[in-house]
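These notes are about the structure you will find just below.
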Amino acid sequence: MRIISYFLALLLLTGCSTQYPNKNITGQIFPTVVGQTLEKKSLTIPNDFTDDLTLLLIGYVQNSQFDIDRWLIALDVTDTRVKFYEVPTIQGLFPQMFSTFIDNGMRSGIPKPLWQGVVTIYDDGEQVQAFTGNENISNARVVLLNNKGEILYFYDQGFAVEALNEIRAVLSNQPLSK
């Protein structure tokens with residue numbers, strides 16, 4: 001019975017997604033969206049970001065976590081200094097209905113000290129997916145924002161060392177506010 005319940009939930013969660021073409025959003029302003037951290041704190045993106053630069057690692061499906069994990073490891077190994085958030089972004093009515101189940105699943109797999117850096121977007125999930133595109137849905141989307149919400153760098157091909165080096169170059173060329 002449990003397997004049938006999981007299968008039904010999975011079918012409902014993935015059955016109502018709309019396809020949006022990928023596009024380059026560099027130079028645009030990130031849309032204002034609301035999410036909730038795994039600590040159950042509401043966060044408005046990008047308005048609540050106070051750092052000069054913020055990196056969003058956006059995933060649309062569970063398989064995106066593979067790319068996000070590689071980004072997190074690479075950022076750590078290269079000692080890249082930037083505030084970052086993992087942003088699971090799920091569109092559709094059914095994921096909203098199962099948000100507690102989904103969030104509890106993420107909490108069980110993520111160490112508690114990291115919960116403040118995971119912001120799940122449900123209500124505005126379709127808006128984000130329409131903005132970035134969601135073709136190749138398993139690929140993580142990487143968005144580097146300045147403190148005005150402007151997108152300084154965008155990458156939607158998952159993970160690549162070349163993309164990491166490009167982000168590091170953008171970071172090293174940004175003047176910091178005082």
Side-chain angles (χ1 to χ4, degrees), residues 6 8-38 40-49 53-72 75 82-107 109-110 115-146 148-160 163-164 166-167:
Y6 284 132
L8 181 60
L10 180 64
L11 181 64
L12 292 173
L13 292 175
T14 60
C16 294
S17 60
T18 303
Q19 183 83 25
Y20 297 104
N22 290 355
K23 53 192 153 198
N24 185 350
I25 56 173
T26 304
Q28 296 183 36
I29 301 297
F30 198 84
T32 301
V33 297
V34 177
Q36 186 178 56
T37 70
L38 291 182
K40 299 182 180 181
K41 249 182 83 177
S42 181
L43 186 74
T44 301
I45 299 173
N47 302 3
D48 288 343
F49 296 151
L53 300 169
T54 303
L55 186 68
L56 305 180
L57 302 171
I58 302 171
Y60 296 140
V61 293
Q62 185 176 2
N63 287 345
S64 303
Q65 191 64 47
F66 180 71
D67 288 336
I68 291 170
D69 288 344
R70 291 192 298 172
W71 275 102
L72 293 173
L75 292 167
V82 65
K83 179 73 174 182
F84 62 85
Y85 292 88
E86 289 185 60
V87 187
T89 303
I90 307 164
Q91 67 167 308
L93 175 62
F94 291 111
Q96 291 175 34
M97 291 170 48
F98 290 97
S99 63
T100 301
F101 175 77
I102 295 168
D103 289 343
N104 286 338
M106 285 190 283
R107 283 185 195 98
I110 298 172
W115 288 2
Q116 79 278 357
V118 179
V119 182
T120 307
I121 298 174
Y122 291 105
D123 292 343
D124 298 327
E126 186 162 358
Q127 181 182 357
V128 175
Q129 289 191 29
F131 181 69
T132 68
N134 62 5
E135 295 173 331
N136 303 319
I137 199 160
S138 292
N139 290 352
R141 273 53 179 177
V142 180
V143 180
L144 181 64
L145 303 172
N146 66 16
K148 296 176 183 140
E150 180 184 0
I151 299 165
L152 304 178
Y153 184 83
F154 175 71
Y155 187 75
D156 64 359
Q157 300 300 306
F159 173 80
L164 172 66
E166 290 170 354
I167 285 178

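No hydrogens, no waters, no symmetry mates; every other heavy atom, side chains included, goes into these values.
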- Message: Is the shortest side-chain heavy-atom distance between Glu166 and Tyr153 below 4.5 Å?
- Response: yes

- Roughly how far, to the nearest 0.5 Å, is CD of Glu86 from OG1 of Thr120? 9.5 Å

- Query: To the nearest 0.5 Å, how far apart are CG in Leu57 and CG in Leu144?
  - Reply: 10.5 Å

- Could you tell me whether a side-chain N or O of Arg141 sits under 3.5 Å from a main-chain N or O of Gly133, the two making a donor and an acceptor? yes

- Query: Where is the tightest heavy-atom contact between Asn63 and Ser138, given as atom of each residue plus distance?
  - Reply: CB-OG, 3.6 Å

- Could you walk me through whether Asp156 and Asn139 pass side chain to side chain contact (heavy atoms under 4.5 Å, CB included), step by step? CA-CA 6 Å; Asp156 64 359; Asn139 290 352; 5.7 Å; no

- Message: Quick one: does any side-chain atom of Asn134 pair with a main-chain N or O of Thr18 as donor and acceptor, under 3.5 Å?
- Response: yes

- Side-chain touch Leu55/Val143, heavy atoms, less than 4.5 angstrom: no

- Task: Taking all heavy atoms of Thr32 and all of Thr44, pick out the closest pair and write down the distance.
- Result: CG2-CG2, 3.5 Å

- Message: Looking at Glu135 and Asn22, would you say the former's side chain and the latter's main chain have a donor-acceptor pair under 3.5 Å?
- Response: yes

- Pairwise distance CG(Leu145) to CD1(Ile151) - rounded to 0.5 angstrom: 6.0 Å

- Step by step, work out the side chain to side chain contact (heavy atoms under 4.5 Å, CB included) result for Leu164 and Leu75. CA-CA 8 Å; Leu164 172 66; Leu75 292 167; 3.9 Å; yes

- Message: Tell me whether the count of non-hydrogen atoms from other residues, nucleotides or ligands lying under 6.0 Å of CZ in Phe131 goes above 12.
- Response: yes

- Tell me, yes or no, whether the heavy-atom count around Gln62 atom CD, taken from other residues, nucleotides or ligands under 6.0 Å, exceeds 12. no

- Message: I need the minimum non-hydrogen distance between Phe30 and Pro46, along with the two atoms involved.
- Response: O-CD, 3.9 Å

- Task: State the OG1-CG distance between Thr37 and Leu43, to the nearest 0.5 angstrom.
- Result: 7.5 Å

- Message: I need the minimum non-hydrogen distance between Ile58 and Ile68, along with the two atoms involved.
- Response: C-CD1, 4.2 Å

- How many angstroms lie between atom CG of Leu56 and atom CD1 of Ile121, to the nearest 0.5 angstrom? 8.0 Å

- Heavy-atom closest pair, residues Gln129 and Ile137: OE1-CD1, 4.4 Å

- Task: Look at the side chain of Asp67 and the backbone N and O of Ala140, then say whether any donor-acceptor pair between them is shorter than 3.5 Å.
- Result: yes

- Message: Under a 3.5 Å distance rule, please check whether Lys23 uses its side chain to pair with a backbone N or O of Ala130 as donor and acceptor.
- Response: yes

- Task: Search all heavy atoms of Tyr60 against all heavy atoms of Thr89 and return the closest pair with its distance.
- Result: CD2-O, 3.3 Å

- Separation of Thr26 OG1 from Glu150 CD (nearest 0.5 Å): 9.5 Å

- Query: According to the interplanar angle, ranging from 0 to 90°, do the rings of Tyr155 and Trp71 count as parallel (below 30°), tilted (30 to 60°) or perpendicular (above 60°)?
  - Reply: perpendicular

